[in-house]
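The structure under discussion appears below in the form of structure tokens.
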Amino acid sequence: MSTTILRHIVAASGVQFGTSGARGLVSSMSDAVCYAYAQAFLGAVAAASGTVVLGHDLRPSSPAIAAACARAVRDAGKDLVFVGALPTPAIAYYAALRGAPAIVVTGSHIPFDRNGIKFYRADGEISKQDEQAMLDAPVDAPAGAAAPALPAALAEPARAYLQRYLDVFGADALAGMRIAVYEHSSVARDILGGILEALGATVLPLGRTDEFVPIDTEAVRAEDIERAARWAQEHRFDAIVSTDGDADRPLIGDEQGRWLRGDIVGILCSQYLAVDAVVTPVSSNTAVERCGSFKDVIRTRIGSPYVIAGMEQAAARHGQGVVVAGYEANGGFLLGSDIPREGALLKALPTRDAVLPIVAVLGLARQRGCRVSEVANALPPRFTASDRLQDFATESSRALIAHLAQDAAAAAALLAPQSGALAHVDTTDGLRVTFAGGDIVHLRPSGNAPELRCYAEAATQEAAEALCQACLGRIVASARQPGA
């Protein structure tokens, strides 16, 4: 490959930046493309660093992509620290401890035929400005020979991640609790159970598989809803927990196996940690404002880079001594401040993490002496649902949203014809409409795949789910009409 800039490779390959990191079809993520992304990161963002941390998830395609990135690290004259298959937040945490940038090969929750690469500075995720610098960076990937084999993985990063929670919460934090861990193909399936056991819980491992399962915590599969309810009857646990593929999004179920929504998890985690200023995307449940637990709530576009930028703004606005954190509707929790806790220090980790919200929700239930379901039910009664239309072209999503933003009558008819007049329209990210009756429907194109996502909020869970499914059904029906 001759010298060019990354932007040209992005255009040719279709592998491009999404809401968090670069994503694309596995068939398009050749050694040359992945090398070029790593080379652009090393030159435009991590040029001053002599060491780079590298890890990956359990997708079958991930080791080969990691090997191409490792070759770029070595060719740049930098020391490679390979940590193997670990949760994305564990890799980011270890990189921060070492003061080094990191590259993580993961497709997170997206479909099996896709994968991705995430990039971290020593102080956290790269910004949208960093992405632009990478796109304009010169790259010159070698042609021909395949990347050499990856070295043996270090064991230290996994120990450091476990110790992060044990030092702060203690060996009896979850004593007496019986927790099921839905392992599936999550990269955290071993370390999550180990952390919970270290905190005193009895762990029941369930559902491990060697076949990759694309768990989407915002659109839980029907079989996983049924499976959790059945396991609850069979095993009588206090809670069931899991994560998405790279373990930066939690999935938490109560004692009846009912999965909690990620934005509810974010509120509960923030309460447990006594957060002052909360940053969350516009799609999250409005119970965060209604509960009255926080001094400030800041809404952003969807995607961790925007939440991180919002946390930086909150920290600048409120100054020292104010605890700042963020979460997304998928449940991923970002800690923007160090938190002193019983003689220990929970260090900031400004990237999505699944373990902290899991520990927090379980700890909150134990602290209050109640069931996990009762912790969630203590919040104001607002309920959300979300789903997506897969294989829905991004261009079609954008055209639909642009049309509805200009036509209030069409928006009301398509989104929620039984919910009354439009009371408020928010175009922070896609189209979010609040209706006179209190219902909310929000459409936006996915930033990671050709999908149209729908978010709904209502006074009951059944109403939120009905709003979401009915809206998507009308969109599908409309798309099938002649001339659509």
With sequence neighbours left out, which residue pairs that include part of residues 388-403 fulfil the side-chain hydrogen bond (donor to acceptor under 3.5 Å, both in side chains) condition? Asp216-Arg388

Main-chain N/O of [Y] paired to [X] side chain as donor or acceptor, under 3.5 Å:
X      : Y      : answer
Ser446 : Glu451 : no
Trp259 : Asp224 : yes
Arg178 : His235 : yes
Ser270 : Gly266 : yes
His184 : Glu211 : no
Asp407 : Ala411 : no
Ser185 : Val213 : yes
Asp244 : Ile215 : no
Tyr37  : Val15  : yes
Arg261 : Phe383 : no

Which is it for Phe41 and Ile117 under the side chain to side chain contact (heavy atoms under 4.5 Å, CB included) test, yes or no, and what are the steps along the way? CA-CA 11 Å; Phe41 170 67; Ile117 311 175; over 6 Å; no

Least distance between heavy atoms, [X] atom then [Y] atom:
X      : Y      : answer
Ile401 : Gly430 : CG2-C, 4.0 Å
Ala95  : Ala102 : CB-CB, 3.7 Å
Ala85  : Leu58  : CB-CD2, 3.7 Å
Asp238 : Gly176 : OD2-O, 3.9 Å
Gly107 : Arg59  : O-NH2, 3.2 Å
Ala287 : Pro380 : CB-O, 4.1 Å

Using distance alone, with no hydrogens and no angle criterion, decide if [X] and [Y] have a side-chain donor and acceptor under 3.5 Å apart.
X      : Y      : value
Glu465 : Gln461 : yes
Thr351 : Tyr120 : yes
Asp353 : Tyr93  : no
Thr106 : Asp57  : yes
Asn115 : Ser61  : yes
Asp296 : His318 : yes

Full working for side chain to side chain contact (heavy atoms under 4.5 Å, CB included) between Thr280 and Asp263: CA-CA 9 Å; Thr280 193; Asp263 44 10; 5.7 Å; no

A side-chain contact here means heavy atoms from C-beta on lying under 4.5 Å apart; do [X] and [Y] qualify?
X      : Y      : answer
Asp429 : Ser283 : no
Ile302 : His442 : yes
Glu125 : Pro305 : yes
Glu374 : Arg368 : no
Glu328 : Ser304 : yes
Cys454 : Asp387 : no
Ile179 : Phe237 : no
Val323 : Phe294 : no

Just wondering, are more than 12 heavy atoms of other shown residues or ligands nearer than 6.0 Å to [atom1] in [X]?
X      : atom1 : result
Glu223 : CD    : yes
Lys128 : NZ    : yes
Gln418 : CD    : no
Arg371 : CZ    : no

Between atom [atom1] of [X] and atom [atom2] of [Y], what is the distance when rounded to the nearest 0.5 Å?
X      : Y      : atom1 : atom2 : result
Leu273 : Leu268 : CG    : CG    : 11.0 Å
Thr243 : Arg352 : OG1   : CZ    : 12.0 Å
Ser13  : Met29  : OG    : CE    : 8.5 Å
Leu199 : Met177 : CG    : CE    : 11.0 Å
Ser284 : Arg382 : OG    : CZ    : 13.5 Å
Ile475 : Leu472 : CD1   : CG    : 5.5 Å

Audit row: Val279, Tyr306, side chain to side chain contact (heavy atoms under 4.5 Å, CB included) steps and yes/no: CA-CA 9 Å; Val279 181; Tyr306 301 110; over 6 Å; no

Under a 4.0 Å threshold between the charged nitrogen and the carboxylate oxygen, would [Y] count as salt-bridged to [X]?
X      : Y      : value
Glu457 : Arg432 : yes
Asp426 : Arg299 : no
Arg189 : Glu183 : no

Just distance, no hydrogens or angles: give the donor-acceptor pairs under 3.5 Å from side chains in residues 333-348, sequence neighbours left out.
| residue | atom | partner | partner atom | Å |
| --- | --- | --- | --- | --- |
| Ser337 | OG | Val324 | N | 2.9 |
| Asp338 | OD1 | Ala348 | N | 2.8 |
| Arg341 | NH2 | Tyr272 | OH | 3.0 |

What residues, two or more places apart in sequence or in another chain, satisfy ring-ring contact (aromatic ring centres under 6.0 Å, His included) together with Tyr161? Tyr165

Would you sort out whether Asp113 and Leu25 count as a side chain to side chain contact (heavy atoms under 4.5 Å, CB included), showing the intermediate values? CA-CA 6 Å; Asp113 62 342; Leu25 291 167; 3.6 Å; yes

From the list Glu131, Gln129, Arg121, side-chain contact (heavy atoms from CB on, under 4.5 Å) with Val45 holds only for Arg121

